[in-house]
Structures are given as structure tokens and as C-alpha cells.
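Here is the structure we will look at.
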Amino acid sequence: RKEVEQDPGPFNVPEGATVAFNCTYSNSASQSFFWYRQDCRKEPKLLMSVYSSGNEDGRFTAQLNRASQYISLLIRDSKLSDSATYLCVVKPNSGYALNFGKGTSLLVTP
Amino acid sequence: NAGVTQTPKFQVLKTGQSMTLQCAQDMNHNSMYWYRQDPGMGLRLIYYSASEGTTDKGEVPNGYNVSRLNKREFSLRLESAAPSQTSVYFCASSVGRATDTQYFGPGTRLTVL
């Protein structure tokens with residue numbers, strides 16, 4: 001079983017819609033959690049870290065459920081510029097490696 | 001600040017050729033990483049350097065070598081390229097602690113014929 005699993009999508013949503021992505025991870029001792037964004041043929045960039053109490057950054061809300069070992073990302077009022085692949089990233093409790101999910105593709109349409 | 005830079009941006013090699021991918025960062029970060037990204041596979045760690053003078057294997061190190069030349073530079077070498085090494089290679093850096101954000105370079109698109 002892959003350590004980090006995501007629905008690859010694509011998620012096609014109209015502008016202004018709310019969309020949510022989930023991600024599950026297998027290592028219960030994982031330490032840190034992130035969402036990265038990757039535009040087509042570009043490098044991944046940090047979107048936001050995910051904290052145990054949940055956190056919000058503008059239109060983006062991230063949640064962590066340690067008991068069920070899943071992470072979510074909610075995007076409200078979607079913009080065309082939100083079209084990208086969203087990578088769920090989990091840091092195990094030891095070492096320096098990050099475990100990346102394969103990504104969820106989002107396409108926001110006019 | 002340029003952040004993380006990588007050269008070259010694109011490269012085509014023939015099987016058996018060698019090459020070195022260069023990476024440099026100007027953020028005074030201690031840790032640097034090399035990943036490869038293949039369609040449907042996600043990013044996989046090849047090697048990393050937790051600090052200047054140290055290197056360690058990641059998930060997929062076979063066929064690669066690395067050099068942490070100094071604090072700024074971390075190179076990845078393919079001694080004898082194989083078609084299975086066709087991929088997009090990303091270099092990244094972080095301040096140093098394992099939970100720190102990793103900043104990625106723009107990538108090198110390598111094709112091995």
C-alpha cells in the first residue's frame with residue numbers, strides 16, 4: 001500500500017464552486033503534513049501546512065484527522081487560477097524524506 | 001534571491017552516456033534534496049544532504065551519485081544513463097530541520113534514448 005494516497009481526479013468545477021480533496025496516509029507515526037500545489041510542468045510549491053487543530057488561509061482550509069489518518073483540503077469560491085495539481089505530503093517521524101501523494105488534478109472552468 | 005536554480009532545463013542523452021545535473025540555492029539552507037517525478041508515480045526522493053558534508057540515500061538511489069560541493073550546491077550524476085532514468089528531476093532545499101518547508105527548483109527534463 002502506498003504511504004500517501006489521493007484520488008487523482010480530475011475534478012472539474014465551475015468558478016465559484018467549493019471543492020474538497022482528501023488524502024489518506026498509512027504511517028500512523030507521521031509527524032507533519034502539507035499541501036503543495038503544482039502547476040503543469042512546473043515545480044511543486046507549498047500551499048499550506050496542516051495543523052492538528054485545522055487551519056485556514058484565505059479561501060483554503062486544511063484539516064487533519066489523526067485517528068482516521070486522513071488530511072483534507074477545502075477550496076471555497078474557486079478561481080480559474082486554482083487549476084493545478086494538489087499534492088498531499090506527509091513527513092514521517094524520522095529522517096528527512098517527505099512522502100508525496102501522486103496528486104489530485106483540479107480544473108476550474110468559466 | 002533566485003531561490004533554487006537548476007541546470008540544464010532540458011537534456012537528451014543516449015543510453016550509456018553520463019551527465020551531471022547541477023543545483024544551487026541562495027537561501028543559506030542546510031539541507032538539499034534530489035527528487036524524480038514520473039507520470040503516475042509522484043515525487044520520489046533519490047538522495048538528500050542533511051547538511052554540508054553529508055549525503056544519504058533516498059527511496060530510489062540506484063544509478064545515481066551525488067556531491068554536496070559546498071553549502072550552496074548539490075549535484076546529481078548519472079554515470080551510465082538508462083531509458084528508465086527518463087524523468088523530470090527536481091532539486092529542493094530546506095532550512096534544515098526535517099519539518100521545514102522544502103523549496104523546489106524549476107526542474108530538469110531528461111530524456112534517455
Side-chain angles (χ1 to χ4, degrees), chain A residues 1-10 21-27 29-52 55 57 60 62 64 66 71 84-105, chain B residues 2-6 9-10 21 23 25 27 29-51 54-61 66 68 74 87-111:
Chain A
R1 180 184 169 189
K2 184 106 172 77
E3 293 205 37
V4 180
E5 297 200 46
Q6 298 181 248
D7 180 346
F21 309 137
N22 288 331
C23 159
T24 58
Y25 60 95
S26 60
N27 185 348
S30 295
Q31 179 180 6
S32 305
F33 310 88
F34 310 89
W35 284 101
Y36 275 71
R37 169 192 169 130
Q38 186 173 26
D39 293 298
C40 186
R41 301 179 68 80
K42 299 282 190 180
E43 72 272 23
K45 293 183 179 178
L46 179 70
L47 178 67
M48 58 197 303
S49 301
V50 186
Y51 302 119
S52 296
N55 48 298
D57 183 1
F60 299 85
L64 168 63
R66 283 189 184 270
I71 308 150
T85 297
Y86 291 84
L87 306 176
C88 177
V89 183
V90 175
K91 163 71 180 64
N93 64 337
S94 63
Y96 282 75
L98 296 179
N99 291 323
F100 285 80
K102 295 178 183 180
T104 297
S105 176
Chain B
V4 180
T5 56
Q6 292 182 236
K9 286 186 167 47
F10 302 93
L21 281 63
C23 173
Q25 51 89 11
M27 296 178 283
H29 285 173
N30 291 305
S31 301
M32 298 185 73
Y33 313 82
W34 276 105
Y35 293 89
R36 61 178 289 174
Q37 187 174 35
D38 303 295
M41 293 294 294
L43 278 94
R44 293 181 292 170
L45 184 66
I46 305 171
Y47 270 93
Y48 68 95
S49 171
S51 60
T54 69
T55 61
D56 286 284
K57 294 178 180 179
E59 182 184 354
V60 289
V66 290
R68 184 73 183 264
F74 188 38
S87 188
V88 181
Y89 291 85
F90 289 104
C91 178
S93 70
S94 66
V95 171
R97 293 167 304 182
T99 53
D100 280 343
T101 301
Q102 292 188 12
Y103 296 86
F104 285 80
T108 294
R109 282 157 182 78
L110 175 66
T111 300

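In what follows, chains carry the letters A, B, and so on, assigned in the order in which the sequence lines appear, proteins first and then strands, with residues in each chain numbered from 1.
- Contact annotation for residues 44-52 of chain A against chain B (heavy-atom separation below 4.5 Å, listed by residue number): A/Pro44, A/Leu46.
- Side-chain contact between A/Glu43 and B/Gln6 is absent, with no heavy-atom pair separated by less than 4.5 Å.
- Note that CZ of A/Phe100 is 4.5 Å distant from OH of B/Tyr35, once rounded to the nearest 0.5 Å.
- When all heavy atoms of B/Arg109 and A/Arg41 are compared, the closest pair comes out as NH2-O, 2.5 Å.
- Of all the listed residues (B/Val88, B/Leu45, B/Leu43, B/Val4), the one sharing the greatest number of non-hydrogen pairs under 4.5 Å with chain A is B/Leu43.
- No part of A/Gln6 comes within reach of chain B, as not one of its non-hydrogen atoms sits under 4.5 angstrom from that chain.
- Contact of B/Tyr103 with chain A is not made at all, since no heavy-atom distance falls under 4.5 Å.
- Partners of B/Ser49 under the side-chain hydrogen bond (donor to acceptor under 3.5 Å, both in side chains) rule, at least two apart in sequence or in another chain, are B/Arg68.
- Chain A forms the most heavy-atom pairs under 4.5 Å with one residue out of B/Glu59, B/Gln37, B/Arg44, and that residue is B/Gln37.
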